[in-house]
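Values reported hereafter were calculated over all heavy atoms of this structure, with side chains retained and with hydrogens, waters and symmetry mates removed.
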Amino acid sequence: MPLSGRGVLRVVASGVVVLLVPACSKGTAAKAGGKSDAVVPVQVEQVREESVRRTIEVVGTLAAEDQVTVSSEAEGRVSRIAADLGDRVSAGQVLLELDREKSQYNLEQQHAALARALARYGATDPANMPPIENTPDVQKAQAELEQAQKAYERAKELNRRQLVATQGLEDALAAHQTKQASYDASLQNAKNLRADIDASQAAVKIADRQVRDTTIRAPFDGYVEKRLVNLGEYVRVQTPVMSVVRVDPLKVIAEIPEKMAPWIEDGQAVELFVDAYPEHPFVGRVARISPVVTSSTRAFPFEALVPNPEARLKPGTFARVRIVTAKVDQVRTLSFVALQYRYGVNRVFVVDGDHLAMRELKVGERLGERIEVLEGVKPGETVAITGVDKLEDGLKVKVSANGNE
C-alpha cells in the first residue's frame, strides 16, 4: 500500500503537471492573440494623378561677363596708384597715373608748330581759316597778275596802232605769263600750307592723346581683380597694369541635358543657389544656348545672366541651377513622407480594408513635398503617411484624422 500511495501521488503529481502545462500554453496564446489583434491608427492619402511642369537641376560655374587686363598706352614712370585690389571702380575712374612731363613738352611743341603753320597761311584759328584764294600771298600774286594782264592789253592796243614796237608787246606778254606762273605757285603754296595745318592739327591731337594716355582709367564698372605694377615702376606701351572684372551681371555657365533641350529657350528664367547663401535663390535668365551638343556629355552648353548689384555672388564659384522647362507631363504622385526606405528599396503601405499591403516602388523626380511614382501603385489607391518607419506588411490599422486614435 505505501508503494501504491506513492504511485498515486506520482500519478496525481503527473496529473497536476499535465493540467498546469496546458493552462500555461493557453495564457501565452491569449497574449499572442492580443498582440496580433492590435489596431494601429494611421493617417492616409490617395495617390494622385496631376500635371507637372518638368524642371532640371544642374551644376554650373559663375563667371564674369566682362573681364579685362588693362594695359598702358603710353610710356612713363608710375607716379600715382589710385585703385588697388578689391576696390570698386566706375567706368572712366582713374586707376593709376604715369609721369606726363615729357608728353606735356611734346604737346606744347606741336601747338607751336600749328601756330607757325597758321601764321604762314594768314590765320589765327584752325576753325576760322580763310579760303585759299584769300590768303595774303595769293591775293598779292593775283593783284600782280591783274596788273600784268592790263599792261599786256594796253601793249596789244598800242602795237595794233603801231605806237609800240613788237618788242614791247612781247615784253608785256612775258611779264603776264610770269605773273600767271607766280599766281599758280602761290595757290599751290597756299594748298601746301593748308595741308601743313591739317598735319599739325593731327600732331596736336596725337600729342594730346599721349598726355591723356598717361592717366589709365577703368573701361567699365567693376572691381580691381589684380594690380600688376608698383609705384615708381617704368612701364612701356602695352604693359599690363591692372585687371578689372565686371560682377554685375554675372553669367552662369552650365549644360542642358540633351533630352530637355527642346523645352528651354533664350530668356527663360533660372534660379541659382550657392553655398554661401543656401536658402536664398538668385534669379536670372537664359542668355544664349549653344546650337551644338557636347559629344562627351550629350548636353548643350548654355549661359544665363544673373543680376548681382550687391556683388554677393563671386566669379569662379559653383552654383546649383534650377530651370523650369516648358515640358508638362501627367504623372502619379504621393507625399514624400509616405515612403519607407529599406535596403536600397523604396516601399509604401497601401490600405487594403483594415490591413496594410506593402508595395515596392519605382520613383521618379522629387516634386517639392511630393514625389513622382513610376511603378508600384495606381491613382486613387490609399496609402499610409504617418509612422511609416514602424509599419509592416499585413498590420491591422484604423484610419484616423490625426493618427492618434
Side-chain angles (χ1 to χ4, degrees), residues 70-80 82 90-157 168-220 234-239 241:
V70 181
S71 297
S72 175
E73 297 184 61
E75 290 190 8
R77 199 171 303 281
V78 178
S79 60
R80 184 171 81 94
S90 303
Q93 181 176 331
V94 176
L95 298 177
L96 59 82
E97 292 181 351
L98 305 179
D99 181 18
R100 63 172 59 189
E101 184 176 1
K102 291 183 180 179
S103 299
Q104 189 65 44
Y105 291 156
N106 181 52
L107 177 61
E108 293 172 0
Q109 184 180 18
Q110 297 303 327
H111 273 298
L114 175 61
R116 186 166 56 250
L118 288 170
R120 289 200 302 267
Y121 188 79
T124 58
D125 184 4
N128 299 301
M129 290 190 296
I132 292 175
E133 295 79 5
N134 294 340
T135 58
D137 289 345
V138 173
Q139 286 183 328
K140 177 182 177 182
Q142 185 177 10
E144 291 176 350
L145 175 60
E146 290 174 354
Q147 185 178 11
Q149 177 69 29
K150 292 177 181 178
Y152 174 63
E153 294 295 335
R154 285 196 302 270
K156 282 199 303 181
E157 179 63 22
L169 177 62
E170 291 176 351
D171 291 343
L173 177 60
H176 176 266
Q177 291 175 340
T178 300
K179 296 303 181 182
Q180 181 67 53
S182 296
Y183 176 75
D184 293 340
S186 65
L187 281 177
Q188 185 60 48
N189 186 56
K191 292 179 181 179
N192 293 339
L193 289 175
R194 185 67 176 263
D196 289 343
I197 292 172
D198 292 340
S200 293
Q201 281 185 287
V204 168
K205 291 178 181 179
I206 292 174
D208 181 65
R209 175 59 187 269
Q210 289 175 342
V211 172
R212 288 186 286 114
D213 284 345
T214 59
T215 300
I216 301 173
R217 301 178 182 274
F220 47 72
Y234 190 86
V235 300
R236 301 187 181 276
V237 176
Q238 297 184 352
T239 299
V241 295

Check: Y234 and V78 side chains under 4.5 Å, non-hydrogen atoms: no
Work out which heavy atom in A203 is nearest to a heavy atom in Q110; give both atom names and the distance. CB-OE1, 3.0 Å
What residues, two or more places apart in sequence or in another chain, satisfy side-chain contact (heavy atoms from CB on, under 4.5 Å) together with N134? P130, P131, Q139
Minimal heavy-atom distance between A190 and T135, with the atoms involved, is CB-OG1, 3.8 Å
Check the pair K156, E153 against salt bridge (charged side-chain N to carboxylate O under 4.0 Å, His left out), reporting the backbone distance first and the verdict last. CA-CA 5 Å; K156 282 199 303 181; E153 294 295 335; 3.8 Å; yes
Could you state the interatomic distance from CG (L96) to CD1 (I216), rounded to the nearest 0.5 Å? 4.0 Å
Min side-chain heavy-atom separation D137-N189 under 4.5 Å: yes
For T215, all residues meeting side-chain contact (heavy atoms from CB on, under 4.5 Å), sequence neighbours excluded: V94, E97, R100, R217
Please report the shortest heavy-atom distance between D99 and E101, naming the atom on each side. OD1-N, 3.4 Å
Any side-chain heavy atom of Q142 sitting closer than 4.5 Å to one from E133? no
Answer whether the closest heavy-atom distance between the side chains of L145 and H176 falls below 4.5 Å. yes
Please give me the minimum heavy-atom distance between A175 and A148, naming the atom from each residue. O-CB, 4.0 Å
Looking at every non-hydrogen atom in both residues, tell me the closest pair between V235 and S72 and how far apart they are. CG2-OG, 4.0 Å
Can we say R154 and E157 salt-bridge, meaning some charged N sits less than 4.0 Å from an Asp/Glu carboxylate O? no
For residues N106 and A207, report the shortest heavy-atom separation together with the two atoms involved. ND2-CB, 3.6 Å
Are Q188 and D184 packed together at the side-chain level, in the sense that at least one heavy-atom pair is separated by less than 4.5 angstrom? no
Would Q149 and K179 satisfy side chain to side chain contact (heavy atoms under 4.5 Å, CB included), going step by step from the backbone distance to the final call? CA-CA 9 Å; Q149 177 69 29; K179 296 303 181 182; over 6 Å; no
Residues E75, K102: salt bridge by 4.0 Å N-O rule: no
side-chain hydrogen bond (donor to acceptor under 3.5 Å, both in side chains) between Y105 and Q109, worked out: CA-CA 6 Å; Y105 291 156; Q109 184 180 18; over 6 Å; no
Inter- and intrachain pairs under side chain to side chain donor-acceptor pair (under 3.5 Å), touching residues 194-207, at least two apart: Y121-R194
Looking at CG of N128 and CG of L118, how far apart are the two atoms once the value is rounded to the nearest 0.5 Å? 11.0 Å
Would you say that more than 12 heavy atoms from the other residues, nucleotides or ligands in this model lie under 6.0 Å from the CD of E108, or not? yes
With a 4.5 Å cut-off on side-chain heavy atoms, are D208 and R212 touching? yes
